[in-house]
Amino acid sequence: MSGREAGWSGGDRAMAAGKLMLACVALLWLLEVVDVISGHALDGLGITPRTPSELIDVVPSAFIHFGFAHLAANTVPLLVLGFLAALAGLRRFLLVCALIILVDGVGVWLISPAHTNTAGASGLIFGLFGFLLITGFVERRPLGILAGVLIAAIWGGSILAGLAPTQSGVSWQGHLLGLAAGVAAAFVFRRRPAAPPELIR
């Protein structure tokens with residue numbers, strides 16, 4: 001948490017997190033409108049595996065969707081999970097998202113089936129789920145643990161279904177890599193407890 005954010009109240013953090021996620025989702029919808037108007041010209045920003053020139057699409061691919069139904073399916077979980085993850089600090093949230101997007105995108109480029117085009121925010125969603133699921137345990141924070149348990153109860157079934165390799169047209173590789181990246185982010189960006197004050201006699 002930055003110095004400025006450290007002085008924020010719970011309400012301030014919630015307001016900032018809400019505004020950030022609404023702006024993010026609005027951007028995704030705007031991009032899909034542009035994609036439709038342009039005859040789906042943005043679909044080419046998805047990741048085609050093991051093509052060197054496609055590495056530049058690792059980041060943009062997370063913001064592109066193949067139709068409004070695809071985007072609508074990602075909107076609510078992204079809003080909710082993103083909001084919850086951002087409550088602990090915007091700077092850390094952005095770093096977590098950057099790590100998830102990069103690891104997930106590069107992983108998709110490496111292991112997805114040939115002649116496929118992968119895009120969408122679902123890898124980020126699975127990553128945020130993984131991050132929220134275990135960050136409370138990693139940091140030994142009771143509220144974080146409770147949040148992780150509730151998130152698992154609400155979203156766990158959908159997450160498990162998204163990892164099934166039998167679904168046609170669904171990148172289970174991207175989902176699995178995103179989940180793993182989110183778990184890793186919980187360790188990389190964990191908040192360490194403040195050192196106890198020195199006792200002076």
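What you see is a predicted model, and the numbers here were worked out from it, not measured in a lab.
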Shortest non-hydrogen contact from [X] to [Y]?
X: P113; Y: P49; answer: O-CG, 3.2 Å
X: L42; Y: S38; answer: N-OG, 4.3 Å
X: G178; Y: I100; answer: O-CG2, 4.2 Å
X: F93; Y: G82; answer: CE1-O, 3.5 Å
X: V58; Y: L102; answer: CG1-O, 4.0 Å

Let me confirm one number: the [atom1]-[atom2] distance from [X] to [Y], rounded to the nearest 0.5 Å.
X: L71; Y: W29; atom1: CG; atom2: CH2; answer: 4.5 Å
X: S61; Y: E54; atom1: OG; atom2: CD; answer: 9.0 Å
X: R140; Y: T135; atom1: CZ; atom2: OG1; answer: 13.0 Å
X: L124; Y: I101; atom1: CG; atom2: CD1; answer: 5.0 Å
X: D104; Y: T118; atom1: CG; atom2: OG1; answer: 9.0 Å
X: T75; Y: M21; atom1: OG1; atom2: CE; answer: 10.0 Å

Where do V170 and H175 land on the side chain to side chain contact (heavy atoms under 4.5 Å, CB included) test, with the steps shown first?
CA-CA 9 Å; V170 175; H175 294 172; 3.3 Å; yes
Indicate yes or no: at least one non-hydrogen side-chain atom of [X] is less than 4.5 angstrom from one of [Y].
X: I125; Y: N74; value: yes
X: R141; Y: R191; value: yes
X: L132; Y: L81; value: yes
X: I159; Y: F126; value: yes
X: D35; Y: F66; value: no
X: T166; Y: W172; value: no
X: V33; Y: F68; value: yes
X: L128; Y: C97; value: yes

Might you work through the side chain to side chain contact (heavy atoms under 4.5 Å, CB included) test for I111 and L177, ending with a clear yes or no?
CA-CA 10 Å; I111 71 171; L177 289 163; 3.8 Å; yes
N/O donor-acceptor pair under 3.5 Å between [X] side chain and [Y] backbone:
X: E32; Y: G67; value: yes
X: R13; Y: A88; value: no
X: Q173; Y: V108; value: no

Verdict with supporting geometry, K19 and F83, side chain to side chain contact (heavy atoms under 4.5 Å, CB included):
CA-CA 9 Å; K19 288 180 178 179; F83 172 77; over 6 Å; no
Applying the 4.5 Å side-chain criterion to the ILVMFWY set and letting contacts propagate, would [X] and [Y] be lumped into a single cluster?
X: L28; Y: V34; result: yes
X: V76; Y: L84; result: yes
X: L79; Y: L27; result: yes
X: F187; Y: V96; result: yes
X: L133; Y: L150; result: no

Worked check of side chain to side chain contact (heavy atoms under 4.5 Å, CB included) between H40 and D43:
CA-CA 6 Å; H40 300 286; D43 287 356; 3.4 Å; yes
Please determine, by modelled atom types, if T51 and W109 share a side-chain donor-acceptor pair under 3.5 angstrom.
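No, no side-chain donor-acceptor contact under 3.5 Å.
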One thing to verify: whether E139 and R190 come together as a salt bridge, which I'm taking to mean a side-chain N less than 4.0 angstrom from a carboxylate O.
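Answer for the salt bridge query: no.
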With a cut-off of 6.0 Å (strictly less than), are more than 12 heavy atoms of other residues, nucleotides or ligands near CG of L143?
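No, not enclosed.
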